[in-house]
Visitor: 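What follows is a structure written as structure tokens; I'll ask about it next.
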Amino acid sequence: MAELTPQAFLDALPHARALNMRFDGVHDGKVRISMPYNPALIGDPTTGVMHGGAVYALLDTASGIAVTTHPVSGGGTATLDLRIDYMRAATPGQRICAEAFCYNMTRTVAFVRAVAYDDNTEKPVATATGAFTNEHVNRSLAE
């Protein structure tokens, strides 16, 4: 069975498809994914700001991909704990990007930091710190 590309992994996740998430690459070990502004996801109709849950999903998904693409990853992951600090509202109409970095990997747990931002990369929309399982997938069973 062929390895899933990060975009194929995203496309296999119903929530990522619904949010139109896109894999934008890996640079210096940081995974970058993004999603477009979507009026259907507005959390505050008076301002047009997207709901924080969409930002949470983006950060969680980017973090999971950072784990699965880490050089010593076992191939599978699940979120154990994820803390999000919202810094400001994302600017209505702008794409939201998330960069995630797996900074420590043990035999069973991976530790990740992530940041979400819009066009203003100097002021984050939100930051995240999380712990994820490092699941060693039996490749022969997956075939």
Side-chain angles (χ1 to χ4, degrees), residues 1-44 47-139 141-143:
M1 186 165 134
E3 293 284 322
L4 278 181
T5 65
Q7 186 61 55
F9 179 78
L10 275 178
D11 293 341
L13 300 172
H15 78 277
R17 281 195 319 269
L19 295 172
N20 202 19
M21 289 184 190
R22 177 183 76 198
F23 177 72
D24 294 326
V26 178
H27 180 68
D28 291 335
K30 291 181 182 175
V31 170
R32 184 170 189 233
I33 68 171
S34 62
M35 66 182 180
Y37 179 79
N38 183 344
L41 300 174
I42 290 174
D44 183 351
T47 64
V49 171
M50 281 184 45
H51 192 278
V55 176
Y56 184 100
L58 182 69
L59 286 164
D60 184 44
T61 304
S63 297
I65 293 174
V67 172
T68 62
T69 59
H70 190 278
V72 298
S73 172
T77 193
T79 308
L80 294 171
D81 181 58
L82 188 64
R83 176 193 165 94
I84 307 288
D85 290 315
Y86 293 96
M87 309 292 181
R88 66 178 179 86
T91 305
Q94 294 183 4
R95 184 168 204 86
I96 302 175
C97 300
E99 285 187 346
F101 179 71
C102 180
Y103 66 91
N104 189 29
M105 179 80 75
T106 71
R107 189 174 60 76
T108 58
V109 180
F111 299 90
V112 179
R113 292 185 184 114
V115 61
Y117 53 90
D118 53 22
D119 291 352
N120 182 352
T121 59
E122 299 299 314
K123 291 183 70 179
V125 169
T127 61
T129 304
F132 293 76
T133 60
N134 180 19
E135 299 174 9
H136 297 272
V137 176
N138 183 340
R139 301 277 184 217
L141 292 177
E143 294 181 22

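By convention here, the first residue in the shown sequence is residue 1. These numbers come from a predicted model, not from an experiment.
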Visitor: Restricting to non-hydrogen atoms, name the atom on Leu19 and the atom on Ala57 that form the minimum distance, rounded to 0.1 Å.
Guide: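 Minimum heavy-atom contact is CD1-CB, 3.7 Å.
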Visitor: To the nearest 0.5 Å, what is the distance between CG on Asp24 and NZ on Lys30?
Guide: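 Atom-to-atom, Asp24:CG and Lys30:NZ are 14.5 Å apart.
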Visitor: List in chain and number order the residues that pass side-chain contact (heavy atoms from CB on, under 4.5 Å) with Pro14, two or more places apart in sequence or in another chain; answer none if no residue qualifies.
Guide: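 Partners of Pro14 under the side-chain contact (heavy atoms from CB on, under 4.5 Å) test: Arg17.
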Visitor: Restricting to non-hydrogen atoms, name the atom on Phe23 and the atom on Val26 that form the minimum distance, rounded to 0.1 Å.
Guide: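 Minimum heavy-atom contact is CZ-CG2, 3.7 Å.
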Visitor: How far apart are the closest heavy atoms of Thr106 and Asn134, and which atoms are they?
Guide: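 Closest pair (atom of Thr106, atom of Asn134, distance): O-ND2, 3.1 Å.
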Visitor: Go through the steps to decide whether Met21 and Leu58 satisfy the test side chain to side chain contact (heavy atoms under 4.5 Å, CB included), and finish with yes or no.
Guide: CA-CA 8 Å; Met21 289 184 190; Leu58 182 69; 4.1 Å; yes
Visitor: Indicate yes or no: at least one non-hydrogen side-chain atom of Met87 is less than 4.5 angstrom from one of Thr127.
Guide: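 Sidechains of Thr127 and Met87: in contact.
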Visitor: Going by side chain to side chain contact (heavy atoms under 4.5 Å, CB included), Leu59 matches just one of Thr129, Val115, Val112, Ile84. Which one?
Guide: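 So the option named by the test is Ile84.
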Visitor: Got a sec, which pairs hit side-chain hydrogen bond (donor to acceptor under 3.5 Å, both in side chains) with one end in residues 48-72, sequence neighbours left out?
Guide: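 Sorted result for residues 48-72: His15-Thr61, Asp60-Thr79.
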Visitor: Heavy-atom distance under 4.5 Å between the side chains of Asn38 and Asn20, does that happen here?
Guide: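 The answer is no, as the side chains (C-beta and beyond) never meet within the 4.5 Å cut-off.
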Visitor: So do Phe132 and Leu80 actually touch side chain to side chain, heavy atoms under 4.5 Å?
Guide: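 Answer no - side chains too far apart.
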Visitor: Who are the side-chain contact (heavy atoms from CB on, under 4.5 Å) partners of Thr121, not counting sequence neighbours?
Guide: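 Tyr117.
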Visitor: Under the side chain to side chain donor-acceptor pair (under 3.5 Å) test, which residues partner Thr133, sequence neighbours left out?
Guide: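 Residues passing side chain to side chain donor-acceptor pair (under 3.5 Å) with Thr133: Glu135.
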Visitor: Excluding sequence neighbours, so at least two apart, what forms salt bridge (Lys or Arg N to Asp or Glu O under 4.0 Å) with Asp85?
Guide: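 Once residues adjacent in sequence are excluded, the partners of Asp85 under the salt bridge (Lys or Arg N to Asp or Glu O under 4.0 Å) criterion are Arg83.
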Visitor: So, using salt bridge (Lys or Arg N to Asp or Glu O under 4.0 Å) as the criterion, who are the partners of Arg95 when residues are at least two apart?
Guide: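 Not a single residue meets the salt bridge (Lys or Arg N to Asp or Glu O under 4.0 Å) criterion with Arg95.
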Visitor: Among all residues two or more places apart in sequence or in another chain, which pass the side-chain contact (heavy atoms from CB on, under 4.5 Å) test with Asp11?
Guide: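 Testing Asp11 for side-chain contact (heavy atoms from CB on, under 4.5 Å), a comparison that skips the adjacent residues, returns Gln7.
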Visitor: Does anything in residues 106-122 form a salt bridge (charged side-chain N to carboxylate O under 4.0 Å, His left out)? List the pairs, not counting sequence neighbours.
Guide: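 Residue pairs with at least one partner in residues 106-122: Arg88-Asp118.
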Visitor: Which pair of non-hydrogen atoms, one from Ala66 and one from Cys102, has the smallest distance, and what is that distance?
Guide: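 Looking at all heavy atoms of both residues, the closest pair is O-CB, 3.9 Å.
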Visitor: Measure the spacing between CG of Leu10 and CD1 of Ile33 and express it to the nearest 0.5 Å.
Guide: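 Atom-to-atom, Leu10:CG and Ile33:CD1 are 5.0 Å apart.
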Visitor: Please report the shortest heavy-atom distance between Ser73 and Met105, naming the atom on each side.
Guide: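 For Ser73 and Met105, the tightest heavy-atom pair comes out as CA-CE, 4.0 Å.
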Visitor: Shortest non-hydrogen contact from Leu82 to Ala128?
Guide: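 That closest heavy-atom pairing would be CD1-CB, 4.0 Å.
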Visitor: Do Asp81 and Phe111 touch side chain to side chain, with heavy atoms closer than 4.5 Å?
Guide: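 Heavy-atom side-chain distance check fails, nothing below 4.5 Å.
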